[in-house]
Amino acid sequence: MLIMAVNAGSSSLKWQIYDLPAQKQVAQGVIERLGTEAALFKVKFGDEQAINKQEPITSHEQAVILILTRLKELKVVDHLAEIRAVGHRVVSGGEQFTESTKITPKVIQQIDGLSELAPLHNHIEAYYMRVFAKLLPNAQQVAVFDTSFYSTLEPVNYLYPIDKRYYDDYQVRKYGAHGTSHRHVMQQAANMLHKKVQDVNLITLHLGSGASITAIANGQAIDTSMGFTPLAGVMMGTRSGDVDPSIIPYIMKKERITDVATMIQILNQKSGLLGVSGVSNDKRDVDEAAEQGNQRAKLAQKMFVNRIVKYVGSYLALLPKQADALVFTAGIGENDPQLRADVCVALSHLGVELDATKNNVRGKEMFISTADSPIKVLLIPTNEELMIAKDTYRLLD
Ligand code: AMP
């Protein structure tokens, strides 16, 4: 049966259609620059067929109508009723949603109500749920939360060492992010290691333009690098990751910034690889500049590795026993052998032995450690959409 997985942002809408339980991808597409006169509509389907068209798409509802119309025109489906369910990625489920959930009007309201925790996402995601409910009234809709994988964290790991009242009164705590990706690679890793999911101990490294690292003990997340928001943790493309909060008022004073939101925007959008290198937020551009001798780009590369190594080292210590494996995923994790080598070499004294030949690979699910490495190293391409589709299928009546 056909299941659509939807990943909505404020200016983009990504979707995939899977045939389940076969897990076969039937079509996928994205609308970029949504809300403009020059939106980009892309679809891939069938045997390498593709459409790439620039056209005005000025509203979110129009975007969904267009996707559904094209699905019929392109004969991806004969009738829209063939799409039995729609799974939505939701960035924040707060403390309310500890697992994927069937969508009802009340659930949509609750998701919208959590917008303070994910201002750029939850509101828009709730809006799309209403649009899909209207346009595909017979399809079951399911919400799959980025945060639910972290509902297993203990207070000792999710609380900040500040007045407990801030948690009690305002739910200030670590929520984490990228949970769907970490959960997907955990399940794949368990298969590859011939273990049950509830028996695996892993450190999963989702390294893309956003980056997060998760410690998994016995198939459950016990800690993760992102925090109250996705700004915390390791250094990222444009996000700083962890910094001493005291630099915020200090920089504001020096730069005469009067608005905290502007300062947070600097940490979210002008920091990380971009801020340190001064070149780009894209790792490939930073690598190219470093190759040509750009010292700031070289420093950005080193700091990126350094922050990852520190998190992995602390999580190896936090796990109750030796990790079975480190898992690399997402844009950089899947495609950057040098970064993987730099991280693993720094951790070699802790039992991580990378096989340099096997490591010279991109985007393929495989072991890249030596045969007798005490801690294995796995490369597993992420697939959040498949995970969303699988959860949606599981929840169908
Ligand atoms: P994502 O957010 O998962 O799409 O990842 C985006 C990041 O992956 C960017 O920093 C890209 O530069 C990086 N990336 C994608 N492909 C490659 C590649 N072939 N080599 C190095 N980095 C890559």
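When a ligand or atom number is given, it counts from 1 through the structure's own listing order. A quick note: this is a predicted structure, and the numbers were derived from the prediction, not measured.
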- [ ] Among all protein heavy atoms, pick out the one at the shortest distance from atom 17 (C) of ligand 1; state its residue, atom name and that distance to 0.1 Å.
- [x] Asn335 CB, 3.4 Å
Task: For ligand 1, the portion of Arg362 having any non-hydrogen atom under 4.0 Å away - done: side chain
Open item on the list: Checking the N or O distance criterion of under 3.5 Å, is ligand 1 in contact with Lys283?
Closed with: yes
Task: Selection from Ser181, Gly331, Ala330 by shortest heavy-atom distance to atom 4 (O) of ligand 1 - done: Gly331
- [ ] Determine the interplanar angle of the Phe97 and Phe145 rings, folded into 0 to 90°, and report it as parallel if under 30°, tilted if 30 to 60°, perpendicular if over 60°.
- [x] parallel
Open item on the list: Give me the nearest non-hydrogen protein atom to atom 21 (C) of ligand 1 as residue plus atom name, then the distance to 0.1 Å.
Closed with: Arg284 CG, 3.6 Å
- [ ] Identify, for atom 11 (C) of ligand 1, the protein heavy atom at the shortest distance, and state residue, atom and that distance.
- [x] Asp282 OD1, 3.4 Å
TODO: Give a yes or no answer on whether the side chain of Ser271 reaches the backbone of Ser240 with a donor-acceptor pair at less than 3.5 Å.
DONE: no
Open item on the list: I'd like to check Tyr311 versus Asp242 (side-chain heavy atoms, cut-off strictly below 4.5 Å). Are they in contact?
Closed with: yes
Open item on the list: Checking a contact table here: which protein heavy atom is nearest atom 13 (C) of ligand 1, and how many Å away?
Closed with: Ile332 CG1, 3.5 Å
- [ ] Name the orientation class of the two ring planes belonging to Tyr150 and His182 (parallel below 30°, tilted from 30 to 60°, perpendicular beyond 60°).
- [x] perpendicular
Task: Sub-4.5 Å side-chain heavy-atom contact between Leu114 and Gln96 - done: yes
Open item on the list: Give the atom numbers and elements of ligand 1 that come within less than 4.0 Å of a heavy atom of Gly208.
Closed with: 1 (P), 2 (O), 3 (O), 5 (O)
TODO: Please write down residue, atom name and distance for the protein heavy atom closest to atom 6 (C) of ligand 1.
DONE: Ser209 N, 3.6 Å
TODO: Verify, without hydrogens or angle tests, whether Lys376 (side chain) and Ser373 (backbone) share a donor-acceptor contact under 3.5 angstrom.
DONE: yes
Open item on the list: With a 4.0 Å cut-off on N to O distance, would you call Lys174 and Asp223 a salt bridge?
Closed with: yes
